[in-house]
Amino acid sequence: MKPIVRFAPSPTGELHIGGARVALFNYLFAKKYSGEFLVRIEDTDLQRSKNKYRDQICDSLKWLGLKWNRDSFIQSKNISRHRSTIDQLLLSGKAYKCFATKEELDLIRKKTNSYAYPGTWRNRSQKDILKQENKSKPYSIRLKTPEKGETSFLDKVYGRISVKNAEIDDFILARSDANKSPVYNLVVTVDDHDMNITHVIRGEDHISNTIKQILLFQSLGWSIPQYVHLPMILGSNGERLSKRHGATGVQSYQKMGYQPEGLLNYLAFLGWNPGTNEEIMKLDRLIETFDLDQIQKKSAIFDEKKLNWISGQHLSTQSAKQIFDDIKGIDTKWGSSYHDKYILSVIDLLKSRMNSIVQLIDNSSYFFEDLATYDKNIINDIWKKDTSSVLESYMKVIVKIDEWNSYDLEDHTKNFMKQYDIGFGKLMKPIRFILCGVLNGPPLFEIMELLGKDIFIKRVENALEVI
RNA sequence: GGCUCGUUCGUCUAGUGGUUAGGACUCCAGGUUUUCAUCCUGGCAACAGGAGUUCGAUUCUCCUACGGGCUACCA
């Protein structure tokens, strides 16, 4: 049987890193077994749900490359089906109307210091209920959960999880508002059933909801899907990942210059591993090697350092063309007045030592514009008494080169240094500095080749004048 | 408080009833390099604690500690 899985975010905020990982695991599992990966927008909390967020989440999913099958499913559109299911439960006596107000219950909770619903309306007579209804009192609808025995399920990651039924509250199925709006657990159960979901892959924070949903499946006589709960992602201090830990949204990572390939790779390895030492994987390879059995039970701490490393590994093996496309996604102006061929060469020169495309952009300025100023501290450091005169003699030699390529440049430079008995650092450092403004970067002769003879002369002459 | 889940280097993890407990990131030290943020080599660094089972436990069991999640008319 082909698996059908779903990623079910609520549109109350942008897609965050934890959600992206849940989506990824769903996607990997579906693709691995040629199943379907569906997206369901859980917007039953109308107060907090926003179309803006729905669109943002879908955009982020697309950006990550996690394409879903069919149209995304909007939960609120299925409301009549949710209602009729509740009616069915009411009719069969498996659910009941509860006239206790929230305030009332809060009071009782405070008094008894117990969080449990006291069951006030669980076994009321038909007469009592009718009396309230005739007075048009608002009521919510609760599931009549069993009092004895226990409910359990076999989680693919956590194993058997069981809870005594006595511990499970008669939870609410529908709110007491005018619409009798259905609540999460009911809605999820109905939709998972209607969508023929075979495997529910979601965060570990849903384990206790799972028990409630199973009770619902049982009350409705529906078959229960397989459950796969994923460990949480924690912030650096071991607490749940939140804004306090810095960026949590997928969009922020996009803006920071991370690419889907590296981000996905890192996220996959948070709580999972292929059982080998292989660490750098593209999406296809992740699908190939993915296995539910290798999922960790322990929650994992998000580590930006490792993300940087993985991201850098991907960046250095990607084609300049692909990197350029990704850069266009965040900065349309970058390199825009230059030929593509030149830009691609710039990327090829820089990519192996960068961790993100933003970093690449930030370190590329000297390929596109001359230096406006020279850092005094560096000058003091590297500019010796005879530096200017050495440079002048070097210029005379180097401008005569016909073939302006890194091999010939290196050749001639080495000869020059030998001839005048000059050390590498004494010449190369100043050249790098006046060309780039910094003392590190790609091999100098390759920079010189790419920049071209004219720019080289211009920058050296300018520097000799100014410094 | 109740329920539930978890605990191997700082972090992500591999692993077994007998191992020098392996790898990766970070950090540190060398090397390469005109330079470095690339690359190479090396180093630091862990089985939460206690009891039990056992010839032997990091591995199995129990307890404790610590941590996470849930405990809504949120999802």
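Please read all numbers here as calculations on a predicted model, not as lab measurements. A note on names: the letters A, B, ... follow the listed sequences, proteins ahead of strands, and every chain is numbered from 1.
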Using a 4.0 Å cut-off on protein heavy atoms (strictly under), produce a 5'-to-3' string for nucleotides 30-42 of chain B with B for base contact, S for backbone-only sugar-phosphate contact, and - for none. ----BBBBSS---
Which nucleotides of nucleotides 68-75 of chain B have their base under 4.0 Å from a protein heavy atom (B), which only their sugar-phosphate (S), and which neither (-), written as one string 5' to 3'? BSSSSBBB
Provide, to the nearest angstrom, the distance between the CG atom belonging to A:Asn273 and the C1' atom belonging to B:G22.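 Atom CG in A:Asn273 sits about 13 Å away from atom C1' in B:G22.
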Would you indicate what A:Ser162 reaches in the nucleic acid, counting non-hydrogen atoms under 4.0 angstrom: base, sugar-phosphate, or nothing?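 Sugar-phosphate, backbone atoms only, no base.
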For A:Gly271, answer base if it contacts any base atom (sugar-phosphate contacts may also be present), sugar-phosphate if it contacts only those atoms, and nothing otherwise; contact means non-hydrogen atoms under 4.0 Å.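 Here A:Gly271 touches the backbone only, sparing every base.
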For the side chain of A:Glu104 and the backbone of A:Ala100, is there at least one donor-acceptor N/O pair under 3.5 Å apart?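 Not confirmed, A:Glu104 side chain does not pair with A:Ala100 backbone.
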Which residues share a ring pair (Phe, Tyr, Trp, His ring centres under 6.0 Å) with A:Phe367, sequence neighbours left out: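 Once residues adjacent in sequence are excluded, A:Phe367 has no partner under the ring pair (Phe, Tyr, Trp, His ring centres under 6.0 Å) criterion.
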Can you list everything that forms a ring pair (Phe, Tyr, Trp, His ring centres under 6.0 Å) with A:Trp404? Sequence neighbours excluded, please.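 In terms of ring pair (Phe, Tyr, Trp, His ring centres under 6.0 Å), with neighbours along the sequence ignored, A:Trp404 is linked to A:Phe456.
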Under 3.5 Å for both donor-acceptor distances, Watson-Crick or wobble: does [N] have a partner, and if so which one?
N	result
B:U35	none
B:A21	none
B:C66	B:G6

May I have all residue pairs that pass salt bridge (charged side-chain N to carboxylate O under 4.0 Å, His left out) and include part of residues 38-57 of chain A, sequence neighbours excluded?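 For residues 38-57 of chain A, and leaving out neighbouring residues, the salt bridge (charged side-chain N to carboxylate O under 4.0 Å, His left out) pairs sorted by first residue read A:Arg40-A:Glu42, A:Arg40-A:Asp192, A:Asp45-A:Arg48.
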Test of understanding: with salt bridge (Lys or Arg N to Asp or Glu O under 4.0 Å), list the residues that count as partners of A:Asp87, not counting sequence neighbours.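 Once residues adjacent in sequence are excluded, A:Asp87 has no partner under the salt bridge (Lys or Arg N to Asp or Glu O under 4.0 Å) criterion.
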